[in-house]
Amino acid sequence: MKTKKILYAVALLAAAYNLQSCKPKDAGSAVAGDAAQKAYVAPGKYDEYYNFVSGGFSGQMAVYGLPSGRLLRVIPVFSVDPEKGWGYSEETKGMLNTSHGFVPWDDLHHPELSQTNGEIDGRWVFGNANNTPRIARIDLKTFRTAEIIEIPNSAGNHSSPFITENTEYVIAGTRFSVPGDNDNGDVPISSYKKNFKGHLSFIGVDKETGRMNISFQIKTPGVNFDLSHAGKGKSHGWFFFSCYNTEQANSLLEVNASQRDKDFIMAVNWKKAEEYIKAGKGKKQSVKYSRNYYDEKTHMTKSEIMKEVLVLDSKELKDICYMIPCPKSPHGCDVDPSGEYIVGSGKLAAIIPVFSFDKLQKAIAAKDFDGEYEGIPVVKYESALYGEVKKPGLGPLHTEFDGKGNAYTSFFVSSEVVKWNIKDLKVLDRVPTYYSVGHLCIPGGDSKKPSPKYLIAYNKITKDRYLPTGPELSQSAQLFDISGDKMQLILDFPTIGEPHYAQAAPAELISKNQVKIFKIEENQHPYVTKGEKESKVVRQGNQIHVYMTSIRSHFSPDNIEGVKLGDEVYFHVTNLEQDWDVPHGFAVKGASNAELLIMPGETSTLKWVPDRVGMFPIYCTDFCSALHQEMQGYVRVSPKGSNVPLTFSLGKTNEEPAK
Ligand code: RUQ
Ligand code: CUA
């Protein structure tokens, strides 16, 4: 029996890789005649929606317009980005600080927009780092990463960063269970069952500033947390996490974590957890994690190491966590707009179970349990179940909602999107995707108020959709019109990195708040230069601070002499422009980092340690005016001990220019 199950699981997984069998024929011609028109946005016209898409292993977040699929911007988040100087400028390096030191890369899976009353409010978008556990908050006024917080007691922060309906909390569930940061981690891997624990983090978000702070963690049995969503409406106050590897295997998980017929969705009563925290039941645990915040006044990162976290134990406090059995290795865990229905998507399941929040509450009140899992009550499957969607497809992963009573689920193995009715659980429509679809996105599709015009499928393994590009092919997003009864494919567009989850919001909600410039009079950077007259070069031992300005089309100063080998040069460049979209760039020959790209009114700093004696040009990298190519200068580097005095100038030409 056991071997049979394993074989079944392995066969399903094999099917996932053997895509030929699932590949629909005539993939290229599956688009109806009017499709192009539906996705067409005329030159000079704006898109209707912003689409925030995870960059997966690129560590960044991409912004597309919908329905055109135009790439508008790549926002650097967890990975350095030389284009924007992100992680290279002195001001932004600190944003990538962690308890492990500077970590210049990560794997971003899930963007989540902030909400007020369960509706997208257009203020922030959060993103998770899957490798070195972190959560980022991107400010949608500037489209810049404003804050990154590290998560202690965690590894592989995958079940994250989903939020509660008023952005009270952004949560993080650890994918890998590991020994706690404060426990001895130097133990045999085979002692998993004894020593490995899970942690769920509840990160409070300040209503005004958005600043994040770990309010508390809940310690759980050592399982893998995969995804999650908050309750809303009637289920506000609860959070639902899908768990796999409830077998607690520590090797060959593709077989060993596919043993049980059912894993779990963990239902967490976070309001109750808050009460326990207030009542002093949280245990202080010493940990180490970094909290990095970009201060818009000083244009600098403040980075601090935090040393403590409050932990509640799910084993001791019996009424905060409950397990709901969910077939087989659940991945997506999605809550419908009313908050009543919780959809679990078992990667190896042949049905989709839909749980009822009301029934769950009744079952908990009546103690309708099927024993315990590691000290946590297990609610009887039938007692929490609303019903099952029968024969929906193979390998369900993720579900989004249209707010009109329908759900849309992606199927990785059978490569399709299936639309079904939440009330009667009947399948209404199915369309193929090309090819292996992961997440879906409907604007507001995980909020209380979806805006159900489009659905986007984010596909992996997208062979023969685009011109080949060597051994690695582009990933693909596919846009469907869902305004009618039947879904209609209207557009394909390639994406950066590997897309996982995405969010979308009506354009107006985001575009109206855009920052156009930073006011120069409000710039409190310690090395700001507010006018050309104040520009200067100052030596402090072997450090040279260049207080430089940029304005169309010159730097001040643009001639610097007296730098010596062994000096560290800091170019603090203030962009004096006060017009929208006039950045200046700054680069110096041989620098081992990147360029600066400085926005109007902003100050950025490039550190440069010259490695040889000679003449080093500097120039502006951003085509800012007709005379952009004239925006340049020279730094002379002399030998150590040379007596060339430190001088700087602008517009001083000692010798006659050539005639
Ligand atoms: S995942 S393809 Cu990393 Cu959200 Cu499901
Ligand atoms: Cu400034 Cu080009």
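Along the sequence shown, residues carry numbers from 1. Whatever order the structure lists them in is the order used to number ligands and atoms, beginning at 1.
- Ser410 places no side-chain N or O within 3.5 Å of a backbone atom of His439 that could act as its donor or acceptor partner.
- Atom 3 (Cu) of ligand 1 has His109 ND1, His158 NE2 as protein N, O or S atoms under 2.8 Å away.
- Electrostatic pairing of Asp579 and Arg552 counts as a salt bridge here, judged by a charged N lying under 4.0 Å from a carboxylate O.
- Rounding to 10°, one obtains 110° for the angle at atom 1 (Cu) of ligand 2 between SD (Met631) and SG (Cys620).
- Phe555 is listed as a side-chain neighbour of Phe586, based on a closest heavy-atom distance under 4.5 Å.
- A donor-acceptor contact shorter than 3.5 Å links the side chain of Ser625 to the backbone of His628.
- Residue Ser553 does not count as close to atom 1 (Cu) of ligand 2, with no N, O or S atom under 2.8 Å.
- Of the charged side-chain nitrogens involved, at least one lies within less than 4.0 Å of a carboxylate oxygen, so that Asp226 and Lys347 count as a salt-bridged pair.
- Ligand-side atoms of ligand 1 in range of Lys460: 2 (S), range being under 4.0 angstrom from any heavy atom.
- Close approach to His331 involves these atoms of ligand 1, each under 4.0 Å from a residue heavy atom: 1 (S), 2 (S), 5 (Cu).
- For Asp106 and Arg134, the salt-bridge test passes: some basic side-chain N is under 4.0 Å from an acidic carboxylate O.
- Using a distance-only test at 3.5 Å, with no hydrogens or angles considered, a donor-acceptor pair links the side chain of Asn128 to the main chain of His110.
- Between the side chain of Thr164 and the main chain of Tyr169, a donor-acceptor pair closer than 3.5 Å is present.
- For His584, the N/O/S atom at the shortest distance from atom 1 (Cu) of ligand 2 is named ND1.
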